[in-house]
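We count ligands from 1, going down the list as the structure has it; atoms in each ligand are counted the same way. These values consider heavy atoms only, across backbone and side chains, with no hydrogens, waters or symmetry-generated copies.
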Amino acid sequence: MSGMSSTETPATDIQPCVRLRNISVQFEDFEALKDVSVEFPLGKTTLIMGPSGCGKSTLLKVAAGLLPPDRGEVEIAGVDALRGRPRAMSEMRKNTGFVFQDAGLWQNMTLFDNMALPLEFHYPERAENVVRREIYAWATRFDLSSILPLRPSTLSGGERKLISFCRAMILNPNLLFLDEPTTFVDRLGVERMLSVLREKKASGCSMIGVTHDADLTSQLADYILVMKAGELREFGTTSEIARSRDPEVREILADVLDEAATYDGDILDLLEPNGDLF
Ligand code: ADP
Ligand code: MG
């Protein structure tokens, strides 16, 4: 949090979309998350960065209420995600989307049925032709409508990721979790994804993501959370993090954001290509 300029709002004054308190997660004798506390700002985009295996996906699943931690508190959109009432939990999920690192599609269902599932669950009264139109509208935006009758096993990794992305959008969420959404996706697919995410951001959607994509980071990130070995290393606005003097934080950012970022100046460029920093 060092080097904060007077024009920036301190993270602590901002209302959170997700509040995590003292989260620990243990996988057998391995501690994947160690006492992590963070408040993800409402209506903002926070990107989680850190080396492979440091616990990014685990943190994202805990923040989405999909993985109950061994210790700690999870509050999502004001609802206690561990002890919340089923009605409040369902309402919270209705407004949430999740793109899984491995796409997380149901293998025994067609892509169409995968995308229909959230709508059928949360809006059972919605007419079949309306559901169909919504699914085709999203698939068409990504040039995927012809593959909707197929099953996930026949697709490329990039196509699976795009379908997972479309499925996450289908409920028009105001809280979005993105676990390496652009991995395996070609440039055109990434461009289309970015255009959707820019719209979501402009509409006030809260986003929490994991990515190595420098474009996605520079275009979307408001806040960055840096992790190492299951611990929160640093959390702050993009420019606070870009200006961090902590050599370990700088090294993690350089690694994560590409070999291109070898020098301090490169990291600033990647995070804020249009920033007026000097
Ligand atoms: P990241 O997303 O940062 O690469 P993960 O959150 O996926 O890391 O995993 C953190 C650590 O926890 C890794 O060492 C991983 O092998 C381990 N891990 C993740 N999920 C499980 C699981 N279900 N069972 C056992 N170990 C797991
Ligand atoms: Mg991961």
- So is Ser52 close enough to ligand 1, meaning a heavy atom under 4.0 angstrom away? yes
- Task: State whether any protein heavy atom lies less than 4.0 Å from atom 19 (C) of ligand 1.
- Result: yes
- Task: Determine, for Phe100 and Arg167, whether the Lys NZ or Arg CZ falls below 6.0 Å from the six-membered ring centre while staying within 45 degrees of the axis.
- Result: no
- What protein heavy atom sits nearest atom 14 (O) of ligand 1, and how far off is it? Phe30 CE2, 3.7 Å
- Task: Check whether any N, O or S atom of Ser57, backbone or side chain, sits closer than 2.8 Å to the Mg ion (ligand 2).
- Result: yes
- Any salt bridge between Lys201 and Asp222, counting N to O under 4.0 Å? yes
- Task: Identify whether the distance between the nearest side-chain nitrogen and carboxylate oxygen of Arg83 and Glu73 falls below 4.0 Å.
- Result: yes
- So which protein heavy atom does atom 6 (O) of ligand 1 come closest to, and at what separation? Thr58 OG1, 2.5 Å
- Aromatic contact, Phe142 with Phe165 (centres under 6.0 Å): yes
- Task: Look only at interatomic distance and state if Phe27 has a nitrogen or oxygen under 3.5 Å from any nitrogen or oxygen of ligand 1.
- Result: no
- Heavy-atom closest pair, residues Phe235 and Glu39: CZ-O, 3.7 Å
- Message: Below the 3.5 angstrom mark, is there an N/O of Cys54, backbone or side chain, next to an N/O of ligand 1?
- Response: yes
- Query: Nearest 0.5 Å, what's the SG-NZ distance between Cys17 and Lys44?
  - Reply: 11.5 Å
- Query: Between Tyr136 and Arg133, is there a cation-pi geometry (under 6.0 Å to ring centre, at most 45° from the normal)?
  - Reply: no
- Before signing off on this row, confirm whether Gly53 and ligand 1 have an N or O atom pair separated by under 3.5 Å. yes
- Decide whether a cation-pi geometry holds between Lys94 and Tyr123; the criteria are a distance under 6.0 Å from NZ or CZ to the six-membered ring centre and an angle within 45° of the ring axis. yes
- Message: Could you identify the single nearest non-hydrogen protein atom to atom 7 (O) of ligand 1 and state the distance to 0.1 Å?
- Response: Ser57 CB, 3.6 Å
- Task: Please check atom 3 (O) of ligand 1 for a protein heavy-atom neighbour under 4.0 Å.
- Result: yes
- Query: Within Thr58, is some N, O or S atom less than 2.8 Å away from the Mg ion (ligand 2)?
  - Reply: no
